[in-house]
Number of protein chains: 2
Amino acid sequence: MESQTPVGRKITLNDIAAGCGVSRATVSLVLRGSPLVNKATRARVEEELRRQGYVYNRAAANLRRRTSSSIALVLNELANPFFAEFAAGVDETLGEAGFVTLLGSTGESSTRQQAVLGSLIEHGPGGIILSPAEGSSTEEVLAAIGAHTPVVLFNREPGGPLPGHVRWDRLMLDNQRGARLATEHLIRQGHRRIAMFGGHDHASSCRERHAGYLEAMQAAGIEVQPHWRVESKPTRLDAAHAAAGLFALGDAPTAVVCYNDAVAFGLMLALNQRGLQPGRDVAITGFDDVAEAAMSTPTLTTLSTAPRARGRQAAELILARLREPQSESRAVIAPVELVVRESSCPPIQP
Amino acid sequence: MESQTPVGRKITLNDIAAGCGVSRATVSLVLRGSPLVNKATRARVEEELRRQGYVYNRAAANLRRRTSSSIALVLNELANPFFAEFAAGVDETLGEAGFVTLLGSTGESSTRQQAVLGSLIEHGPGGIILSPAEGSSTEEVLAAIGAHTPVVLFNREPGGPLPGHVRWDRLMLDNQRGARLATEHLIRQGHRRIAMFGGHDHASSCRERHAGYLEAMQAAGIEVQPHWRVESKPTRLDAAHAAAGLFALGDAPTAVVCYNDAVAFGLMLALNQRGLQPGRDVAITGFDDVAEAAMSTPTLTTLSTAPRARGRQAAELILARLREPQSESRAVIAPVELVVRESSCPPIQP
DNA sequence: GGTTACCTTTGGATCGTTCCAATCACCCAG
DNA sequence: CTGGGTGATTGGAACGATCCAAAGGTAACC
């Protein structure tokens with residue numbers, strides 16, 4: 001049990017009722033805008049509410065009504081601009097629907113995720129929007145929150161199977177299609193030697209993107225060389241180091257589909273150091289469309305995921321689930337959009 | 001009164017009590033780790049808690065104890081990486097102290113801020129960490145939340161005076177010193193025609209930064225031209241539009257102190273479009289040191305504010321206030337640190 | 001006048017927890 | 001056998017709202 005803190009004396013329904021000579025029940029009806037109360041009474045009560053500076057105690061109401069007016073939002077990394085935008089979208093939509101957002105950040109640790117979920121669930125959220133920490137499992141999450149609270153999974157699948165009676169909804173990005181679009185675009189630009197760079201294939205999102213890349217290459221009848229697939233951590237720095245692998249052998253790619261924007265920026269850095277100019281000597285695409293993508297030199301062709309819209313969408317999903325607790329669980333694959341900028345140039349003619 | 005949503009049947013203390021033949025009160029004592037209960041009983045109860053999958057209802061406990069276990073965090077713009085980091089820091093520290101974060105984002109609108117505060121206060125947070133929306137006033141805020149809930153103001157002062165009996169704490173950045181450091185740095189680089197760009201002077205943080213700029217200029221005996229001060233919204237996009245104003249007249253600046261990093265990036269964009277190379281033709285400094293600043297082209301000289309540490313600090317302040325509700329109100333000015341990167345080049349010799 | 005109907009209002013129980021004073025079981029000293 | 005002390009447990013009243021069945025008041029109608 002954790003620390004808690006006393007709050008100052010608060011005005012309650014009883015104070016208002018006493019203050020204007022009606023019963024508690026009547027005041028409650030006024031508060032909820034019931035048509036039952038007489039106009040004159042309503043006016044009197046409302047005046048008294050204002051006069052005493054009454055604030056509604058939603059916790060007490062929720063207790064009695066067995067309802068909830070909050071949704072928990074648990075993110076693996078809030079500081080990432082992608083998730084910050086997402087959170088803003090979630091909060092916006094939840095706020096409009098009269099819900100409040102309970103925030104939890106797990107810092108990509110499944111241990112911390114357990115603690116955070118355990119703490120949040122005690123506050124009785126009506127549902128949870130969860131972008132699982134890397135390496136966390138369905139089983140763990142279920143143990144922390146029980147099978148009764150609705151969940152919308154975002155961005156990632158936690159490991160392990162979901163028991164049949166539990167209905168979680170999902171909102172995922174269309175990774176495969178995104179990577180396919182990028183690859184197709186490069187092919188249309190005239191490239192044939194196209195590499196796929198960055199990310200680790202043990203992550204589901206990376207596997208999906210790789211699949212999209214392969215799909216486009218095969219559809220175009222291009223034979224994919226094994227050394228055109230180079231993995232790296234999904235960070236700028238590690239990508240810059242790993243980039244050498246792309247040019248180690250002959251038959252070097254003229255275009256590179258990158259796992260995400262960070263990796264793409266790392267590659268740009270590495271190219272510059274080798275005296276190659278990204279967006280002229282080598283074409284590049286990213287994934288995410290972070291703010292920086294519009295400002296780098298060259299500006300980066302990438303896939304826009306519209307994180308704020310995704311946030312709104314996740315909120316809509318959980319709200320829909322609350323309205324229809326028994327409906328079939330939904331899996332939404334959010335579209336991504338190719339944003340063509342300078343970095344995806346045609347190949348240089350020899 | 002807004003929509004709410006029913007929650008599934010929950011296990012309560014009564015279920016546990018009935019399940020192992022003790023009273024509700026005893027189970028409650030077990031939950032709170034009281035030394036009063038017999039060892040054997042405790043074991044039996046704990047087993048039953050596990051067996052039935054009990055989850056603590058903190059709202060009910062808070063109601064009875066008249067305590068709160070949540071803190072509201074209200075930000076003017078969550079999507080800004082600076083505030084996202086800040087929020088992560090806040091949530092981290094609050095979580096460790098056993099509090100949960102209620103999130104609210106106002107999108108820089110004081111109307112929305114009123115609505116958000118009104119909704120959050122109904123959930124009875126123990127305190128509020130508030131980065132006020134532009135143009136909001138102390139009076140408004142006070143009307144929304146009353147005088148009883150502790151407040152930590154971050155980053156900005158809302159307009160208007162604070163009644164004497166209300167104790168709000170403040171955590172501000174050393175804006176003036178930061179802008180002075182940046183300006184002095186540019187002067188040392190050899191610049192004389194230095195502009196101050198972006199932000200609105202009706203915002204306190206902006207006025208302070210402007211003051212720091214003026215201080216450095218005056219100390220160096222440089223006469224400041226009126227057209228070296230150009231305002232804009234503190235966003236990348238608006239700054240890019242407003243940038244033209246800097247070069248409208250002759251005597252154009254060779255260096256620009258920007259209100260924040262977003263504005264600096266907007267300026268870079270605008271410069272590139274005019275065929276000027278930021279970091280070579282024009283020196284630039286920012287403010288905030290967002291992650292992007294280390295990765296832009298050129299990398300951005302800016303003032304590091306360590307937003308995550310600030311978040312932790314804000315959380316500490318509110319926690320301290322909860323422990324000592326009557327203590328004198330505190331005002332902390334957080335130091336900022338100049339981070340020199342590529343963008344603050346010396347002037348080009350004609 | 002009595003019955004019915006409608007519009008308002010209300011007391012008391014309730015949500016899941018904590019607090020408090022009271023009780024109970026047990027042992028030991030006198 | 002009584003009295004007191006200790007340790008463990010408990011019933012019932014809160015907390016601030018909502019729900020529900022019931023009741024009071026007025027008006028209309030036969």
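These values consider heavy atoms only, across backbone and side chains, with no hydrogens, waters or symmetry-generated copies. Convention: sequence-line order gives letters A, B, ...; per-chain numbering from 1.
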Whole angstroms only, please: what is the CG-P distance between A:Leu29 and C:dT8?
12 Å

Inter-end axis angle, the helix from C:dG1-D:dC30 to C:dG30-D:dC1, with every axis fitted to five base pairs (rounded, 10 degrees)
80°

To the nearest angstrom, the CG-P distance between A:Leu36 and C:dT10 comes to 13 Å

May I have the distance from A:Asn62 (atom CG) to D:dT18 (atom P), rounded to whole angstrom?
10 Å

Tell me the interatomic distance from A:Arg58, atom CZ, to D:dA17, atom P, rounded to whole angstroms.
12 Å

Is the shortest distance from a Lys or Arg side-chain nitrogen in A:Arg44 or A:Glu47 to a carboxylate oxygen in the other one below 4.0 Å?
no

If we ignore angles and hydrogens, is there a donor and acceptor under 3.5 Å between the side chains of B:Asn76 and B:Ser131?
yes

Specify the separation, in whole Å, of atom CZ of A:Arg32 and atom C1' of D:dC20.
12 Å

Using 4.0 Å as the upper bound for N to carboxylate O, is an ion pair formed by A:Arg156 and A:Glu108?
yes

Can you check nucleotides 12-16 of chain C for protein contacts, nitrogen or oxygen pairs under 3.5 Å, and list what you find?
residue : atom : partner : partner atom : Å
C:dA13  : N6   : A:Arg24 : NH2          : 3.3
C:dT14  : O2   : A:Arg64 : NE           : 2.5
C:dC15  : O3'  : A:Arg66 : NE           : 3.4
C:dC15  : O2   : A:Arg64 : N            : 3.2
C:dG16  : OP1  : A:Arg66 : NH2          : 2.9
C:dG16  : N2   : B:Ala60 : O            : 3.4

Per the under-4.0 Å heavy-atom filter, residues of residues 38-45 of chain B near DNA chain C come out as none

Do NZ/NE/NH1/NH2 and the carboxylate oxygens of A:Glu316 and A:Arg323 come within less than 4.0 Å?
no

Would you say the side-chain atoms of A:Gln113 pair up with the backbone N or O of A:Ala133, donor to acceptor, closer than 3.5 Å?
yes

Looking at A:Thr26, I'd like to know whether one of its side-chain N or O atoms comes within less than 4.0 Å of OP1 or OP2 on C:dT10.
yes

Checking the side chain of B:Asp169 only, and the main-chain atoms of B:Val152 only, is there a donor and an acceptor separated by less than 3.5 Å?
no

Side-chain H-bond candidate by donor/acceptor type, A:Ser23 with A:Thr26, under 3.5 Å:
yes

For A:Phe83 and A:Phe154, take the angle between the two ring planes, folded into 0 to 90°, and tell me which bin it lands in: parallel under 30, tilted 30 to 60, perpendicular over 60.
perpendicular

Could you check whether any side-chain N or O of A:Arg58 sits under 3.5 Å from a backbone N or O of A:Ser69, counting only pairs where one atom can act as donor and the other as acceptor?
no

Using only side-chain N and O atoms of B:Ser28, determine if any of them is under 4.0 Å from OP1 or OP2 of C:dT18.
yes

Does either side chain, that of B:Arg24 or that of B:Ser28, offer a donor lying less than 3.5 Å from an acceptor on the other one?
no

So, A:Asp91 and A:Thr101: side-chain donor and acceptor under 3.5 Å apart, yes or no?
yes

